[in-house]
Number of protein chains: 2
Amino acid sequence: MTEQIRTGRRPGRPGTRETILSVARARFASTGFDKTSVRAVAAEAGVDSALVHHYFGTKRELFVACIALPTDPAVVLRPVLAANTEDLGEALITAVLAVWESEAGDAVVAAFRAMIAGGDTSLLGTFLMHIVLKDIAERVDHPAGSGQLRVNLVASQMSGVLLTRHILKLEPLASTPAEKIVASVAPTLQRYLTGELP
Amino acid sequence: MTEQIRTGRRPGRPGTRETILSVARARFASTGFDKTSVRAVAAEAGVDSALVHHYFGTKRELFVACIALPTDPAVVLRPVLAANTEDLGEALITAVLAVWESEAGDAVVAAFRAMIAGGDTSLLGTFLMHIVLKDIAERVDHPAGSGQLRVNLVASQMSGVLLTRHILKLEPLASTPAEKIVASVAPTLQRYLTGELP
């Protein structure tokens, strides 16, 4: 993205949407998700906060718009959030593998590689922890305080499958049917989520 | 690496070593480890195969020289190869975490990122499967034919730890002591290596 020209406070002007995205992307990358406020993004973009909410919804939705994913994580994660806690591991890897194997998969892989390659690793971290795994972390926070590490470990296994299967294309992993990957990896995820950890 | 000037068949001439490395790196990347022969590398570099062996040793050692790691994988893996099969998972993550946390760790992470970012993902795949995990794959090939998928799965978990802990620096994973990571991840690796898989 090249820098956009500020378009002033008049809402709806062409380029305003892109200006907001550009400002938000830079702030999420430099100061992190928690410390980025919609108000500060709006101020820097020269618009009202209400316009940012009007265009993008919540801060979380603004972030998702910033990383320009080809699929909506909220839709992908719906069956995961509906799963029983003891089935979370299987539901999660099933849902995510389905995206990686879909038509949108190449775009997801490209975004993942670009985030690792560039200076934007904080965006990928934010995506994993605030978009994909936040609600799950709250659900598996037993004993209290363990939820974050549990989902960090889940992220380690899932990102590793994306890397080795879809980027490095290690064989036979890359050509193993998704059901077999699910059956192999789900117990790992489930142990990280609800098992006893050291 | 810029392209080196060919230095002819006279051994020991300045630049010969770099020429061989440059040719080998390009061949490993384009045609893969198995189909790259020392003889073909030598011919393209304009030297005798014996000189390549003299400088670099085996094809495997030539490959390691190509990716310019700051540590010698053979030394790192010695305690892993000495471990009992039922302790392989723990020995592997222990040995590898020690490298990532050593002074050489930053260089390893940089090499890993560069390989993901560039077109050289085949070099990273070769490194994992032919250098780090080859001997282990042969050892855990029960039932026969399962060894490759077993170590692919191991690679997925280990590369994911490198990614989430050392590149994305997800918290609290990034600041969790190595012993706790080992205790959390070793059972996963051990199941992939010797457990029952679907």
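Below, read A as the first sequence line, B as the second, and so on, with proteins coming before strands; counting in each chain starts at 1. Nothing here was measured: the structure is a model prediction, and the numbers come from that model. Only heavy atoms go into these numbers, but all of them, side chains included; no hydrogens, no water, no symmetry mates.
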Enter the distance from B/Thr121:OG1 to A/Leu168:CG here, rounded to the nearest 0.5 Å.
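It comes to 6.0 Å.
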When rounded to the nearest 0.5 angstrom, what is the spacing between CG in A/Leu124 and CG in B/Leu163?
6.5 Å
Residues in [range] near chain A [non-hydrogen atoms, under 4.5 Å]:
range: residues 102-110 of chain B; result: none
range: residues 70-78 of chain B; result: none
range: residues 176-193 of chain B; result: B/Thr176, B/Lys180, B/Ala183, B/Ser184, B/Val185, B/Pro187, B/Thr188, B/Arg191, B/Tyr192

Residues in residues 126-159 of chain A that sit under 4.5 Å from chain B, counting heavy atoms only
A/Leu128, A/Met129, A/Gln148, A/Leu149, A/Asn152, A/Leu153, A/Ala155, A/Ser156, A/Gln157, A/Ser159
